[in-house]
> 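Input: one structure, supplied below.
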Amino acid sequence: MPVPAPVGATLSFAIDANSAAAARIPQPVMTEGELMARGQAASLTHNWDSLQRAISTLAQFDPQAAQAILNQIPSAGPRLTTTMMFFFSAMTGSAGSAKSWLGERSIGSLDGRDSKDAGLGKKLEGDFNILRSMASEQRPDGWRVMSMPFQMGERIEQMQLAWRHGHSDEDDSPAGKTGDPGTRFLLDLSFTALGHTQLDGLVRKDSQKFDLIVRTENTLDGPQRDDIRAIFNEALTIARLGGALNFQNGSRFIDVSPTPEPQGPQKRGLEA
């Protein structure tokens, strides 16, 4: 409870010049279009509606095109490395586009529909460009974060993929500090049996190597590790890469917050 000031007490007030000056600084006013664009971008990080609709629409009149799109969406399995790298290249490359990622036939087939979904291909392309713009924003800590679709069984969810070029002083990625720093990525997933799972990868283009650490909340038993190792080796063969696989328990998760804090410790980041 606050203590009341005694009768006759003298009260003094002081104006903080810094606070007063900050209060006088006019805050930028966002236009309606900018507010809508920001809201759309935020929505795409959780649900890529036009991609979901594209698959559903194509499945009805062009199943092969629908399957072609599904084949390009990353999922757990031997093709995870190649599909992730292909999506990453489309998102970050100078000529990247939805057509270069999913194919001109699929996008053209969508735009050729005379229905309520006419123009869905253009909508998909526009959403892709928004995500590309978000992925191009480098943060002060060197990380960039992009939203990536990921097949979780029959669902397609938006995962947050963190990546950066080179190493930092805290880098404990598989290859450590080498002459070929490569590109490091972090992808957080959640599985019923394994709990929080983190893929910490390092791709080195010059030496054609892909090293990976798999961190799991719950300890992997021998057969589970063997299965993952077999999938990883098959992925390396498909991608024609060399590399090594290591396992760590959940005590060493790397946290990258979606929005970096200007001061103070970072909060727990990427949630899948």
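What you are looking at is a predicted structure, and each value in this text was computed from that prediction instead of being measured.
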> Answer yes or no: is there an ion pair linking Asp211 with Arg204, defined by an N-O contact shorter than 4.0 Å?
yes
> Determine yes or no for a side-chain-to-main-chain donor-acceptor pair under 3.5 angstrom, with Asp62 supplying the side chain and Leu58 the backbone.
no
> To the nearest 0.5 Å, tell me how far Asp221 CG sits from Asp227 CG.
8.5 Å
> Is it the case that more than 12 heavy atoms not belonging to Glu104 sit under 6.0 Å from its CD atom?
no
> Verify ring-ring contact (aromatic ring centres under 6.0 Å, His included) between Phe185 and Phe88, making sure each step is shown before the conclusion.
CA-CA 10 Å; Phe185 71 83; Phe88 182 86; 8.3 Å; no
> Could you state the interatomic distance from CG (Asp255) to CG (Asp188), rounded to the nearest 0.5 Å?
7.5 Å
> With heavy-atom distances below 4.5 Å as the criterion, would you say the side chains of Phe150 and Leu189 are in contact?
yes
> Whether Lys123 and Asp127 form a salt bridge (side-chain N of Lys/Arg under 4.0 Å from carboxylate O of Asp/Glu) is what I want to check.
yes
> Could you pull out the closest heavy-atom pair between Thr92 and Trp163, with the gap in Å?
CG2-CZ2, 3.7 Å
> Please confirm whether the backbone N or O of Ile73 pairs with a side-chain atom of Gln151, one donor and one acceptor, at under 3.5 Å?
yes
> Are side-chain heavy atoms of Leu70 and Ile55 found at a separation under 4.5 Å?
yes
> Taking Glu217 for its side chain and Gly195 for its backbone only, find out whether a donor-acceptor pair lies under 3.5 Å.
no
> Do Asn249 and Thr216 make a side-chain contact, defined as non-hydrogen atoms from C-beta onward lying under 4.5 Å apart?
no
> Please answer whether the main-chain N or O of Leu102 pairs with a side-chain N or O of Gln72 as donor and acceptor at a distance below 3.5 Å.
no
> Do you know which two heavy atoms are closest between Trp48 and Trp101, and how far apart they sit?
CH2-CZ3, 3.7 Å
> Enter the distance from Leu241:CG to Lys209:NZ here, rounded to the nearest 0.5 Å.
10.5 Å
> Is the backbone of Lys205 close enough, under 3.5 Å, to the side chain of Gln208 for a donor and an acceptor to pair up by distance?
yes
> If you look at every heavy atom in Ile156 and Gln52, which pair is closest and at what distance?
O-NE2, 2.8 Å
> Answer whether the closest heavy-atom distance between the side chains of Leu187 and Met159 falls below 4.5 Å.
yes
> Between the side chains of His165 and Thr183, does any donor sit under 3.5 Å from an acceptor?
yes
> Measure from the side-chain N and O atoms of Ser133 to the backbone N and O of Asn129, and report whether any donor-acceptor pair falls under 3.5 Å.
no
> Spell out, as yes or no, whether a donor-acceptor pair under 3.5 Å connects the side chain of Arg132 to the backbone of Met91.
yes
> With a 3.5 Å distance limit and no angle check, can you tell me whether Gln198 reaches the backbone of Ile254 through a side-chain donor-acceptor pair?
yes
> Identify the heavy atoms of Pro149 and Leu51 that sit nearest to each other, and give their distance.
CB-CD2, 3.8 Å
> Mind checking whether Phe128 and Phe87 have parallel, tilted or perpendicular rings, split at 30° and 60°?
perpendicular
> Heavy atoms, side chains only, cut-off 4.5 Å: are Met134 and Met146 in contact?
no
> So if you build clusters from Ile, Leu, Val, Met, Phe, Trp, Tyr with side-chain heavy-atom gaps below 4.5 Å, do Ile228 and Ile238 land together?
no
> Measure from the side-chain N and O atoms of Thr57 to the backbone N and O of Ala54, and report whether any donor-acceptor pair falls under 3.5 Å.
no
> Take Lys99 and Glu125 through the side-chain contact (heavy atoms from CB on, under 4.5 Å) test and state the conclusion after the steps.
CA-CA 8 Å; Lys99 287 183 179 179; Glu125 186 85 48; 3.5 Å; yes
> In Å and rounded to the nearest 0.5 Å, what is the CG to CD1 distance from Leu80 to Ile231?
9.5 Å
> Is Thr81 close to Phe210 at the side-chain level, that is, under 4.5 Å between some pair of heavy atoms?
yes
> OG/Ser50 to NZ/Lys122 distance, rounded to the nearest 0.5 angstrom?
13.5 Å
> If you look at every heavy atom in Ser106 and Ala65, which pair is closest and at what distance?
OG-O, 3.7 Å
> Minimum heavy-atom separation for Asp200 and Arg184, please, with both atom names.
OD2-NH2, 2.6 Å
> Within a strict 4.5 Å, meaning less than it, do heavy atoms of the Val214 and Gln248 side chains meet?
no
> Do Pro74 and Met148 make a side-chain contact, defined as non-hydrogen atoms from C-beta onward lying under 4.5 Å apart?
yes
> As an exercise, state the distance from CG of Leu131 to OG of Ser136, rounded to the nearest 0.5 Å.
11.0 Å
> If only atom types and distance count, is the side chain of Arg79 paired as donor or acceptor with the main-chain N or O of Asn71 below 3.5 Å?
yes
